[in-house]
Protein chains: 2
Amino acid sequence: MKLTNKRKKALEEYIAKKRLKSTRQRNIIFSEFFSYPGHHVTVEELYERVKKLSPKIGYATIYRTLKLFKECDLAFERNFGDGRTRFEPVKFEGEHHDHLICIACGKITEFENQRIEHYSREVASKNNFEVINHKVELYGYCSSCRRNK
Amino acid sequence: MKLTNKRKKALEEYIAKKRLKSTRQRNIIFSEFFSYPGHHVTVEELYERVKKLSPKIGYATIYRTLKLFKECDLAFERNFGDGRTRFEPVKFEGEHHDHLICIACGKITEFENQRIEHYSREVASKNNFEVINHKVELYGYCSSCRRNK
DNA sequence: ATTCATGCAAAATGTTTGCAGCTGT
DNA sequence: ACAGCTGCAAACATTTTGCATGAAT
């Protein structure tokens with residue numbers, strides 16, 4: 001089953017369970033959010049994109065819908081320290097996505113590393129902790145911004 | 001040399017280098033920040049603590065001083081997704097401090113894991129990236145909040 | 001018919017800035 | 001004396017909320 005469909009299904013189940021409603025706005029935000037080309041979209045970026053399809057939409061709906069996605073573990077909130085909150089799709093099994101963040105120029109490089117994953121899971125299970133998402137973020141100076149190259 | 005002294009020295013050197021000034025407020029904030037019992041203090045918590053020692057202090061000074069600490073790589077900004085920015089001392093060599101964060105009750109459990117450290121450093125060096133700080137954060141449900149125990 | 005969602009505007013929250021006066025060098 | 005710092009208040013940015021209307025069940 002395709003990822004998007006899995007997600008759609010998860011959302012629909014949550015909506016049914018909680019007796020919420022499926023609306024045009026939620027569907028638009030869903031498709032824009034999960035098809036966003038870069039990961040970690042800001043609220044403003046998402047708002048602008050959605051506005052093109054549904055010009056009367058307000059920020060409140062974006063916020064409320066992202067909150068809904070968070071509640072059903074489909075979206076995840078991040079903050080890289082530049083003051084703008086970003087959201088990204090929660091990864092399903094087998095997807096990885098960690099970050100190197102340059103504190104000088106703000107460049108974000110993604111990487112994945114199975115071993116880090118592995119030991120993270122080990123720590124979690126020792127603590128009887130059920131992991132929904134994880135972050136590995138390394139902050140520092142990227143190759144262009146290093147002080148002593 | 002004690003950690004606090006190392007930090008004090010780092011700050012003094014930065015102040016000297018940049019021709020800044022050592023002030024009563026900065027010293028108070030320094031000692032409150034680095035002696036804060038929990039890690040990751042919020043701006044508000046720090047403000048309240050400092051206010052007891054220096055009642056006329058304003059939020060602006062706290063913000064400006066934390067920014068100063070960030071500039072000299074003594075403090076680090078975090079955000080666990082609850083809307084409040086938190087700051088913590090940057091760890092020196094040999095200190096580790098990663099997190100399990102419960103998305104239901106907000107409980108934060110610290111852990112350290114040398115292997116995660118190790119592989120993180122490896123990824124960084126492959127990317128010619130100079131790491132100043134890192135985060136490993138696992139988000140999910142703690143043992144008390146797990147849905148299926 | 002009922003319950004929930006939306007859009008708008010207002011309010012709340014968190015953070016930054018301008019400036020006059022004060023302090024450290 | 002000078003440059004930088006502080007405290008205050010105002011400005012700003014982001015997020016949340018109240019409410020009347022509209023849409024989905």
Side-chain angles (χ1 to χ4, degrees), chain A residues 8 11-33 40-72 75-87, chain B residues 8 11-33 40-72 75-87:
Chain A
K8 193 96 197 175
L11 176 61
E12 280 165 3
E13 281 170 5
Y14 186 82
I15 283 179
K17 192 179 73 185
K18 293 269 186 167
R19 304 262 190 280
L20 306 178
K21 283 164 186 170
S22 172
T23 66
R24 193 177 54 84
Q25 291 88 334
R26 283 178 179 168
N27 291 329
I28 292 173
I29 296 170
F30 176 92
S31 59
E32 284 303 302
F33 179 65
H40 19 87
V41 68
T42 62
V43 174
E44 193 190 357
E45 283 162 352
L46 188 57
Y47 172 76
E48 294 300 340
R49 292 189 128 234
V50 171
K51 209 171 176 59
K52 284 182 184 147
L53 301 170
S54 185
K56 305 206 70 183
I57 199 114
Y59 267 102
T61 301
I62 305 285
Y63 278 106
R64 288 188 277 228
T65 305
L66 286 170
K67 195 175 171 194
L68 172 66
F69 292 172
K70 276 167 67 181
E71 280 165 29
C72 45
F76 196 69
E77 194 176 333
R78 298 188 103 95
N79 193 303
F80 293 125
D82 63 353
R84 286 127 44 92
T85 302
R86 291 153 189 276
F87 290 83
Chain B
K8 192 97 198 175
L11 177 60
E12 281 164 3
E13 281 170 6
Y14 186 80
I15 284 178
K17 192 179 75 185
K18 291 270 187 168
R19 304 262 190 282
L20 306 177
K21 284 165 185 168
S22 173
T23 67
R24 192 177 56 83
Q25 290 87 337
R26 283 178 180 169
N27 291 329
I28 292 173
I29 296 170
F30 176 92
S31 58
E32 284 303 302
F33 179 64
H40 18 86
V41 67
T42 62
V43 175
E44 192 189 358
E45 283 162 353
L46 188 56
Y47 172 76
E48 294 300 341
R49 293 190 127 234
V50 170
K51 208 171 178 57
K52 284 182 186 147
L53 302 170
S54 184
K56 305 207 67 181
I57 200 112
Y59 267 102
T61 301
I62 306 284
Y63 278 106
R64 287 189 277 228
T65 304
L66 286 170
K67 196 176 172 194
L68 172 67
F69 292 171
K70 276 168 68 182
E71 280 165 28
C72 44
F76 195 70
E77 194 175 333
R78 298 189 103 94
N79 192 302
F80 292 126
D82 63 353
R84 289 128 37 98
T85 302
R86 290 154 190 273
F87 289 83

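So you know, we letter chains A, B, ... as the sequences are listed, proteins then strands, and number each from 1. Below, each value reflects all heavy atoms present in this structure, side chains not excepted, and no hydrogens, waters or symmetry copies.
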Practice item. List the steps, then state whether side-chain contact (heavy atoms from CB on, under 4.5 Å) holds for A/Leu46 with A/Glu32. Key: CA-CA 7 Å; A/Leu46 188 57; A/Glu32 284 303 302; 4.0 Å; yes

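- In this structure, the side chains of A/Thr85 and A/Glu77 come closer than 4.5 Å at one or more pairs of heavy atoms.
- In terms of heavy-atom proximity, A/Ser22 sits nearest to A/Asn27 at OG-ND2, 3.7 Å.
- For the salt bridge (charged side-chain N to carboxylate O under 4.0 Å, His left out) test, no residue two or more places apart in sequence or in another chain qualifies with B/Arg26.
- On the nucleic acid side, DNA chain C contacts chain A at distances under 4.0 Å to non-hydrogen atoms, with the end points of that region at C/dT3 to C/dC8.
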Review point. Between B/Leu68 and B/Leu11, is a side-chain contact (heavy atoms from CB on, under 4.5 Å) present by the stated rule, with each step listed?
Key: CA-CA 9 Å; B/Leu68 172 67; B/Leu11 177 60; 4.3 Å; yes

Exercise for review: Run the numbers on A/Phe87 and A/Phe69 for side-chain contact (heavy atoms from CB on, under 4.5 Å), then give the verdict.
Suggested key: CA-CA 10 Å; A/Phe87 290 83; A/Phe69 292 172; over 6 Å; no

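- For the helix from C/dA1-D/dT25 to C/dT25-D/dA1, the rotation axes defined at the first and last 5 base pairs enclose an angle of 30°, given to the nearest 10°.
- Checked by atom type and distance alone, the side chain of A/Ser54 never pairs as donor or acceptor with a backbone atom of A/Lys51 at under 3.5 Å.
- Across B/Tyr14 and B/Glu71, no two heavy atoms sit closer than the pair OH-OE1, 2.9 Å.
- At least one cation-pi condition fails for B/Lys70 and B/Phe76: the charged atom is not both under 6.0 angstrom from the six-membered ring centre and inside a 45 degree cone around its axis.
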Between the protein and nucleotides 12-16 of chain D, list the N/O to N/O atom pairs that are separated by less than 3.5 angstrom.
residue, atom, partner, partner atom, Å
D/dT15, OP1, A/Thr85, OG1, 2.8
D/dT15, OP2, A/Tyr63, OH, 2.2
D/dT15, O5', A/Tyr63, OH, 3.0

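- For the pair A/Ile57 CD1 and D/dG22 C1', the computed distance is 14 Å after rounding to whole Å.
- Inter-residue side-chain proximity for B/Phe33 and B/Leu66 is flagged as met; some heavy-atom pair is nearer than 4.5 Å.
- In this structure, OH of B/Tyr14 is placed 11 Å from P of D/dC5, rounded to the nearest angstrom.
- A distance of 10.5 Å separates CD of B/Glu45 from NE2 of B/His40, quoted to the nearest 0.5 Å.
- Residues of residues 15-32 of chain A having a heavy atom closer than 4.0 Å to DNA chain C, listed by number: A/Arg19, A/Leu20, A/Lys21, A/Thr23, A/Gln25, A/Arg26.
- Closest of all the heavy-atom pairs between B/Tyr47 and B/Ile57 is CE1-O, 3.6 Å.
- Not a single side chain to side chain donor-acceptor pair (under 3.5 Å) links A/Tyr59 to another residue, sequence neighbours left out.
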